[in-house]
Peer 1: 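One structure is given below, represented as structure tokens, and several questions about it will come after.
Everything numeric here is computed off the predicted structure, so don't read it as measured data. For the single chain, residues carry numbers from 1 onward in sequence order.
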Amino acid sequence: MATTSPRSALHLASTLLTATVALYMALVAFGNITDFGTNQAFVQHVLAMDTTFKDDDLMWRAVTSEGLQDAAYVAIIVWEVIAALVLVYGTWLWFRRDDSHARRFSTYGLLMVMLLFGAGFIAIGGEWFSMWQSEDWNGLDAALRVFLLSGVVLVVVQLPSVER
């Protein structure tokens with residue numbers, strides 16, 4: 001008679017933490033789709049650099065084309081949706097106790113989130129488009145929180161499981 005061993009605390013942590021980031025990304029994507037204009041304005045202002053210090057040495061970086069701004073925003077939303085779906089699938093695999101595949105898909109999804117918030121919002125938005133200079137359109141604190149949360153979850157997911 002086959003029996004299953006009880007879930008380890010690490011397995012439970014990996015499952016619930018992956019599910020947390022999956023839920024967060026799903027809600028972010030849902031919000032951006034159903035309330036398109038709110039964060040569209042955020043992306044437009046960051047790319048246009050219209051609330052930065054207007055330093056001539058930096059303003060050549062500004063993207064003022066509404067078409068390019070909208071394309072960037074849609075690309076962000078598509079990335080968010082895909083990351084959410086990958087993380088939901090990873091969560092489902094954790095629940096099914098398919099740890100190796102769960103770890104793989106959770107890693108893919110978490111890296112997608114970290115790339116979006118780290119490379120996209122912190123590096124490109126924050127530094128290239130000088131978002132840090134804006135009092136009104138500065139999302140660096142929020143981006144850092146999501147980046148760090150995803151990093152912690154990634155570390156937990158990558159911890160080796162101990163088979164009894």
Side-chain angles (χ1 to χ4, degrees), residues 13-94 102-159:
S14 297
T15 303
L16 295 178
L17 290 172
T18 301
T20 299
V21 180
L23 175 63
Y24 175 77
M25 288 307 297
L27 292 173
V28 167
F30 180 77
N32 285 339
I33 292 167
T34 60
D35 183 17
F36 191 85
T38 298
N39 282 330
Q40 178 188 30
F42 182 90
V43 171
Q44 288 173 335
H45 285 288
V46 170
L47 295 180
M49 300 174 68
D50 57 0
T51 60
T52 63
F53 300 162
K54 307 256 188 316
D55 184 339
D56 289 339
D57 293 332
L58 297 178
M59 290 308 292
W60 63 270
R61 300 175 184 178
V63 174
T64 55
S65 163
E66 286 186 24
L68 289 176
Q69 292 169 345
D70 290 346
Y73 184 49
V74 169
I76 290 167
I77 294 171
V78 168
W79 190 268
E80 291 167 346
V81 168
I82 294 169
L85 291 172
V86 171
L87 288 166
V88 166
Y89 183 61
T91 301
W92 183 73
L93 291 170
W94 284 116
R103 183 171 286 112
R104 179 179 305 136
F105 280 93
S106 296
T107 298
Y108 296 156
L110 291 164
L111 287 174
M112 289 180 73
V113 173
M114 293 182 77
L115 282 172
L116 177 62
F117 285 87
F121 297 146
I122 296 172
I124 295 171
E127 289 302 317
W128 184 256
F129 291 107
S130 299
M131 181 171 55
W132 64 269
Q133 295 179 2
S134 176
E135 291 182 20
D136 298 320
W137 302 102
N138 184 346
L140 288 174
D141 287 343
L144 181 61
R145 281 192 303 270
V146 176
F147 181 80
L148 290 176
L149 169 66
S150 301
V152 168
V153 176
L154 182 61
V155 169
V156 171
V157 163
Q158 292 302 314
L159 290 173

Peer 1: Write down the atom of Ala26, the atom of Ala84, and the distance for their closest heavy-atom approach.
Peer 2: N-CB, 3.7 Å
Peer 1: Quick one: does Tyr73's side chain have a donor or acceptor within less than 3.5 Å of a partner on Phe36's backbone?
Peer 2: yes
Peer 1: With rounding to the nearest 0.5 angstrom, report the CD1 to CD1 distance, Ile77 to Ile33.
Peer 2: 6.0 Å
Peer 1: To the nearest 0.5 Å, tell me how far His45 NE2 sits from Asn39 CG.
Peer 2: 11.5 Å
Peer 1: Does anything in residues 132-141 form a side-chain hydrogen bond (donor to acceptor under 3.5 Å, both in side chains)? List the pairs, not counting sequence neighbours.
Peer 2: Thr51-Ser134
Peer 1: Of all residues at least two apart in sequence or in a different chain, which pass the ring pair (Phe, Tyr, Trp, His ring centres under 6.0 Å) check with Tyr24?
Peer 2: none
Peer 1: Calculate, to the nearest 0.5 Å, the distance between atoms OG and CE belonging to Ser130 and Met59 respectively.
Peer 2: 8.5 Å
Peer 1: Taking only residues two or more places apart in sequence or in another chain, which ones pass ring pair (Phe, Tyr, Trp, His ring centres under 6.0 Å) with Phe30?
Peer 2: none
Peer 1: Please name all residues satisfying ring pair (Phe, Tyr, Trp, His ring centres under 6.0 Å) with Trp92, sequence neighbours left out, ordered by chain then number.
Peer 2: Tyr89
Peer 1: Give the minimum heavy-atom separation between Ala29 and Glu80, together with the two atoms involved.
Peer 2: CA-OE1, 3.8 Å
Peer 1: To the closest 0.5 Å, what do you measure between OG1 (Thr18) and CZ (Arg103)?
Peer 2: 10.0 Å
Peer 1: Mark yes or no for whether Gln69, through its side chain, and Val63, through its backbone, hold a donor-acceptor pair below 3.5 Å.
Peer 2: yes
Peer 1: First locate atom CG of Leu87, then atom CG of Leu93, and finally report the distance between them rounded to the nearest 0.5 Å.
Peer 2: 11.5 Å
Peer 1: Give the minimum heavy-atom separation between Met131 and Gly139, together with the two atoms involved.
Peer 2: SD-N, 3.4 Å
Peer 1: Does any part of the side chain of Leu17, heavy atoms only, come nearer than 4.5 Å to the side chain of Val21, both counted from C-beta?
Peer 2: no
Peer 1: May I have the list of side-chain donor-acceptor pairs in residues 146-159 shorter than 3.5 Å, sequence neighbours left out?
Peer 2:
| residue | atom | partner | partner atom | Å |
| --- | --- | --- | --- | --- |
| Ser150 | OG | Val146 | O | 2.9 |
| Gln158 | NE2 | Thr107 | OG1 | 2.4 |

Peer 1: To check you understand the geometry: which heavy-atom pair defines the closest contact between Gly109 and Val86, and what is its length?
Peer 2: N-CG1, 3.5 Å
Peer 1: Rounded at 0.5 Å granularity, tell me how far CZ in Phe105 sits from CG in Leu85.
Peer 2: 12.0 Å
Peer 1: Between Leu47 and Leu68, is a side-chain contact (heavy atoms from CB on, under 4.5 Å) present by the stated rule, with each step listed?
Peer 2: CA-CA 9 Å; Leu47 295 180; Leu68 289 176; over 6 Å; no
Peer 1: Under 3.5 Å, sequence neighbours excluded: what are the donor-acceptor pairs made by side chains of residues 111-128?
Peer 2:
none

